[in-house]
Structure formats: C-alpha cells, structure tokens
Amino acid sequence: MWTGHLRRLLPDLDIRIGEEDAHPADIAYCVAWKPKPGSLNRYPNLKVVFSMGAGVDGIVADPTYPRHVPLSRVVDDTLSQGMTEYVVLHTLYWHRHVGDLASLQAQRKWKQFAIPRADAVRVGILGFGVLGQHAAAALKALNYQLSGWSASPKKIDGVTAFHGPDGLGPFLAQSDILVCLLPLTPETKGILNAKTFAQLPKGACIINCARGGHLIEEDLVAALDTGHLRGATLDVFQIEPLPATSPLWAHPKVVVTPHVASMTDPASFMRHVADTIRRMDQGLPPENLVDFTRGY
Ligand code: NAP
Ligand code: GLV
C-alpha cells in the first residue's frame, strides 16, 4: 500500500523493499520507521532518510546513523488532526469523569456529583511543538486553561508558556491534566517519574501519547495507588506490544490504547516523500529536518 502511493506519484522511480537485490551504491533515498541499527550506514550515496514517524528516536538513537545524511520527519496535518482528536478525547474523558460514570452505570447506581466546567480545568502540555500546539488550539476552543512547556521560550496567545528545566516545576504545579507530547531524547527519557508526579496537584491525570520511554511505569502505578494521581491514559509503553503480564492492562485507573493516538497516513506521507524528491532533483533542500544535536 505504501509503495503503491509512491509508484503512482513517481512512476519512474526504482523502488526496492527491505534490503532486496539492490546495490547499496544505487540507493539515494530511504524511507524508514525503526531500521535495524547499522542498516542505514550501508548506502554510500544516500541523499536523505524519510522517517515514517513524527518521532525519530528509533533512528537517532543508532550511533552508526550517517549524520551527514539529512533526516526528514513527518509533519503533516492528518497526523496533527489525529493526535488532537486523541488528546481532546482523553482530556474530556478525565475531566468529565467518564470512567467513574461508566462504573456507576455498571453498578446501576444513580449518584450525582459536580463536574467543573472546562474553564476551571488546567491542561498542561509537555512538549509544545507541532502536535502540542495543534492540540492546544482545539482545547482552547473548549475553554480549557492551557499551558505549554518547551525547550525554548514561546509566546502563544491564550497559553501560559513555560520553558527549560527551571520552568518545569511551576508548569507541573498548575497542571490538572498533563499531556506528554515530547520527543524521546536523553533529556526527556523517564521524565514522567515519581518526582514529576509529586509536583502535580493532587488528583491530576496523565495522558502519555509520546513515547513509552518517557514514563517510569512503576512510578505511575505507585502514584495512582496512593491516590495522588486520579488516572492515566497511556498510548505508548516501555515495551510494545504491552506484555499481557503488565499490571497496566487491568489497572482500574488506567486507559490503555495500542499506540494508535495518531498514525501516519500513507498517501499523505508519500506525497511528502515525492515532493521532497522532486525538490531535491531541482537542487532544493529537504524539509522538516531533524537536528541531531537536539535529537529531534
Ligand atoms: P516537535 O514539533 O519536535 O515538538 C517537540 C516539542 O518538545 C517542542 O516544543 C520542543 O521544544 C519540546 N522539547 C524537546 N525537548 C525538550 C526538553 N528537553 N525540554 C523541554 N521541551 C522539550 O514534535 P511533534 O511533532 O510535536 O511530536 C512530538 C512527539 O509525539 C514525537 O516525537 C513522537 O514521539 C510523538 N508521537 C506519538 C504518536 C502516537 O501515535 N502516539 C504519533 C505522533 C507523534 P522547542 O519547541 O523549544 O524545540
Ligand atoms: C508515531 O508514534 C510517530 O512518531 O509518528
């Protein structure tokens, strides 16, 4: 399906799948998701690598990646839209106590309780880049109080912006619902840990739709079990697929989804690949490039 799109867009392109019968020197462009470490080092004439994901941790972490070859990642409206739908759905899920209401229904219990309006709920987005800002715009339309945390300072209308290590504590202290949309880098690995959770207001909820490596799963379970955190939505895990033995599957305060928050749309992605190849044929540089020094 993926190659079919590219064949239609660039019928003259010679496309090879996997490492099948191509001379390494003939490969000029490479499309990759989680390539085997060392595999991208085999092609001496590679001009660009296209990451099929917005997250490039699976590629950047390979110490043998040929760093002179630009790495272009997915920045695409369909991907942003999918992530925004996921973030809005799960923000509303925790804000509107959907799980608690479902459990009351299962018990045939009529128990009313007050639910605050969105303008009284503070949503903090860890990682305020392409996806974080797209989701923020939709949450803003619902009247949530919004804040974002990024590496560099930002000024965005209607959003309280925090940045850098010094901004993290104040950001966490005012996040009732914490959404993680950070890239996975050495700086952000394990950032959703006991110390972070302790800085959130009591009863806060977590939505991790970035990478499993951001979360110390044992710390999350402990914070849920003491009641400091009220709930968590997890789309990504330290080990994927999530092992059947994981306590997260059956935890009453956890919603598990199988890394489906937003999936790259094949047609849209291949349009980006074809456009970039045409650009490069005209001597123009590829776009959406990863900065290897930052790791994202
Ligand atoms: P992006 O545009 O690169 O944004 C990343 C944001 O994180 C930026 O705001 C960046 O700050 C901030 N950041 C990075 N390192 C930081 C640090 N050490 N401290 C503070 N802020 C830091 O990435 P994106 O396109 O929004 O994607 C985010 C991630 O979502 C991807 O890396 C991927 O892992 C994940 N994802 C998951 C799914 C899924 O289905 N679950 C789908 C797509 C993507 P600056 O703005 O200052 O650079
Ligand atoms: C999916 O996880 C992505 O990084 O696009």
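Remember, it's 1-based here, ligands and their atoms both numbered in the order they're listed. Scope of the values below: all heavy atoms of this structure, side chains included, with no hydrogens, waters or symmetry mates.
Summarising the contacts of atom 5 (C) of ligand 1 with P183, S150, G167, A135, the nearest heavy atom is found in P183. For atom 35 (C) of ligand 1, the candidate residues are A151, P165, A210; the nearest heavy-atom contact is made by A210. The residue among G129, S51, G58 with a heavy atom at the shortest distance from atom 6 (C) of ligand 1 is G129. Comparing V260, I191, V130, L131 by heavy-atom distance to atom 44 (C) of ligand 1, the nearest is L131. Heavy-atom proximity to atom 37 (C) of ligand 1, evaluated over S262, G295, C209, is greatest for C209.
Residue-to-ligand polar distances place F128 within reach of ligand 1: an N/O pair is separated by less than 3.5 Å. Close N/O approach between T188 and ligand 1 is not found [any backbone or side-chain N/O within under 3.5 Å]. Of the polar atoms of R211, at least one N or O is found under 3.5 Å from an N or O of ligand 1, judged by distance alone. Checking only distances, E187 never comes within under 3.5 Å of ligand 1, N or O to N or O.
Protein heavy atom in closest approach to atom 28 (C) of ligand 1: L181 O, 3.3 Å. Annotation: atom 38 (C) of ligand 1 to nearest protein heavy atom, M83 CE, 3.3 Å. For atom 33 (C) of ligand 1, the nearest protein heavy atom (residue, atom name, distance) is G55 CA, 3.5 Å. Among protein heavy atoms, atom 19 (N) of ligand 1 sits closest to W149 CH2, 3.2 Å. Nearest to atom 29 (C) of ligand 1 among the protein's heavy atoms is L182 O, 3.6 Å. Protein heavy atom closest to atom 1 (P) of ligand 1, with residue, atom name and distance, is R73 NH2, 3.4 Å. Scanning the protein for heavy atoms near atom 10 (C) of ligand 1, the closest one is Y296 OH, 3.6 Å.
Within the 3.5 Å criterion, the main-chain N or O of H259 finds a donor-acceptor partner in the side chain of D235. A donor-acceptor contact shorter than 3.5 Å is absent between the side chain of E217 and the backbone of L248. Of the possible polar contacts, one joining the T91 side chain to the V87 backbone as a donor-acceptor pair under 3.5 Å is found. With hydrogens and angles ignored, the 3.5 Å screen pairs a side-chain donor or acceptor of D62 with a backbone N or O of G38. Checked by atom type and distance alone, the side chain of N45 never pairs as donor or acceptor with a backbone atom of D26 at under 3.5 Å. Here the side chain of H95 pairs a donor or acceptor atom with the backbone of P116 at under 3.5 angstrom. Counting only distance, with no hydrogens or angles, the side chain of R73 and the backbone of A54 share a donor-acceptor pair below 3.5 Å. Between the side chain of D14 and the main chain of R16, no donor-acceptor pair closer than 3.5 Å is present.
Side-chain atoms of D76 and S268 include a donor-acceptor pair closer than 3.5 Å. Inspection of the D77 and S80 side chains reveals no N or O donor paired with an N or O acceptor under 3.5 Å. For the residue pair Y29 / T276, no side-chain donor-acceptor distance below 3.5 Å is found, with atom types taken as modelled. Side-chain atoms of H90 and T233 include a donor-acceptor pair closer than 3.5 Å.
Not a single heavy atom of H134 sits under 4.0 Å from any atom of ligand 1. For the ligand labelled ligand 1, residue H163 lies outside the 4.0 Å heavy-atom shell. Ligand 1 has at least one atom lying under 4.0 Å from a heavy atom of K154. Heavy atoms of D235 come nearer than 4.0 angstrom to ligand 1 in at least one pair.
Within the listing of ligand 1, atoms 39 (C), 40 (O), 41 (N) sit less than 4.0 angstrom from a heavy atom of H259. Near R294, the atoms of ligand 1 lying under 4.0 angstrom from a non-hydrogen atom of the residue are 48 (O).
Around CD of Q105, the count of heavy atoms belonging to other residues, nucleotides or ligands within 6.0 Å does not exceed 12. Environment of CD1 in I239: sparse, with no more than 12 heavy atoms of neighbouring residues, nucleotides or ligands closer than 6.0 Å.
Ring to ring, H228 and F197 are not that close: their centroids are 6.0 angstrom or more apart. Here the two rings, on F269 and H5, have centers that are 6.0 Å apart or farther.
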Ligand 2 N/O to protein N/O, distances under 3.5 Å:
from, atom 1, to, atom 2, distance (Å)
ligand 2, 2 (O), R211, NH1, 2.9
ligand 2, 2 (O), H259, NE2, 2.6
ligand 2, 4 (O), A54, N, 3.3
ligand 2, 4 (O), G55, N, 2.8
ligand 2, 4 (O), R211, NH2, 2.7
ligand 2, 5 (O), A54, N, 2.7

Pairs of donor and acceptor atoms involving the side chains of residues 153-169, under 3.5 Å and at least two apart or interchain, shall be tabulated with distances.
from, atom 1, to, atom 2, distance (Å)
K154, NZ, S152, OG, 3.4

